[in-house]
Structure formats: C-alpha cells, structure tokens
Amino acid sequence: GSLVQADAAADVDQAAEVIASADVVVVQLEIDYGAVAYALKVAKEKGVRTIFNPAPAGKLPPEAVALADYITPNETELEVLSGHTGDYEAAARSLLTRDDQTTVV
C-alpha cells in the first residue's frame, strides 16, 4: 500500500506544475508524512532542488530522506531521524545516501 493518503497525493499532484516551476521545494513534518515523501518524489522527478526540514522531530523512511538534496535537522531531530545519539557528525553523515546531498545541523 501507499504511504500517502489519497487526498494528500491529490494535493501534491494538483501542485505539480507549481513544483516544476520552483527553484527549491522545502518540506517539513507538520503535514502527512506520506505527502512529504510524495512531494519530495515529485520535485526530484521535475528536477527541482529539495530541502527536508524534519520538524517537528519525526522519522521519515530512508528512501524518502534520500530524495532530499539538503536535510536540515536540529540536534533532537537528527537523533530521531538517524537513531544515533551523541556524535552529531556521524549521525549527520548517516543520513546521506548520495555524494550530492548535504546535512546541515
């Protein structure tokens, strides 16, 4: 089954032209997590740069995080997202799946 609720997917699909014309798409976790993941997917398919701000602290599936060009957690969000505590540099690096990704803590 799909992670994204049908109405959330429809909202993202309805905004696809706006997303395609954007320079950057920023998503955060104050909406349905499936919608966040789907918006990242649509943006990447359209060749749009993406920023994922995991606020409030929550865990998005790794395959969705992999769609973000920039990941911008605070320390608490980083611990929740990565599952690592203490070594913030290692935790930040653990989120990266591509050479062209950046994590800013």
Side-chain angles (χ1 to χ4, degrees):
S2 176
L3 288 176
V4 63
Q5 297 173 355
D7 56 341
D11 288 343
V12 173
D13 286 338
Q14 188 173 6
E17 283 186 40
V18 174
I19 291 170
S21 68
D23 292 325
V24 178
V25 169
V26 180
V27 295
Q28 60 184 47
L29 296 178
E30 291 183 332
I31 62 172
D32 176 75
Y33 286 15
V36 169
Y38 188 56
L40 286 167
K41 179 180 183 287
V42 169
K44 289 310 292 177
E45 287 172 351
K46 305 288 185 186
V48 177
R49 189 173 311 132
T50 54
I51 299 173
F52 170 49
N53 178 2
K59 192 161 177 84
L60 200 63
E63 61 273 12
V65 176
L67 296 169
D69 296 313
Y70 298 89
I71 309 160
T72 61
N74 65 25
E75 292 171 351
T76 302
E77 295 157 356
L78 178 62
E79 289 178 359
V80 170
L81 195 59
S82 70
H84 295 274
T85 58
D87 185 345
Y88 296 119
E89 185 174 343
R93 289 187 190 282
S94 77
L95 300 178
L96 304 176
T97 58
R98 304 187 324 261
D99 289 342
D100 63 344
Q101 277 185 305
T102 302
T103 301
V104 180
V105 181

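Taking both residues in full, the closest heavy atoms of Leu67 and Ala37 are given as CD1-O, 4.0 Å, listed atom of the first, atom of the second, then distance. Taking each heavy atom of Ser94 and His84 in turn, the nearest pair found is OG-CD2, 3.3 Å. Across every non-hydrogen atom of Glu77 and Thr72, the tightest pair is OE1-O, 4.2 Å. Nearest heavy atoms, Leu81 versus Phe52: CD2-CE2, 3.8 Å. Taking all atoms of both residues into account, the shortest heavy-atom contact from Val65 to Leu60 is CG2-O, 3.8 Å. In this structure, Lys59 and Ser82 approach most closely via the heavy-atom pair NZ-C, 4.4 Å.
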Only pairs under 3.5 Å count here: list side-chain donor-acceptor contacts from residues 17-25, not counting sequence neighbours, and write none if there are none.
residue	atom	partner	partner atom	Å
Ser21	OG	Glu17	O	3.4
Ser21	OG	Val18	O	3.0

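Atom CG of Asp100 is surrounded by more than 12 heavy atoms from other residues, nucleotides or ligands within 6.0 Å. Surrounding NZ of Lys44 are more than 12 heavy atoms belonging to other residues, nucleotides or ligands, all under 6.0 Å away.
Between Val26 and Tyr70, every side-chain heavy-atom pair lies at or beyond the 4.5 Å cut-off. Side-chain contact between Leu95 and Leu78 is present, with at least one heavy-atom pair separated by less than 4.5 Å.
Cluster annotation: Ile51 is not connected to Leu96 through the hydrophobic network of ILVMFWY side chains, with a link wherever side-chain heavy atoms come within less than 4.5 Å.
Here the straight-line distance linking atom OG1 of Thr50 with atom NZ of Lys41 works out to 13.5 Å at 0.5 Å rounding.
With sequence neighbours excluded, the residues that form a side-chain contact (heavy atoms from CB on, under 4.5 Å) with Glu75 are Tyr88, Val105.
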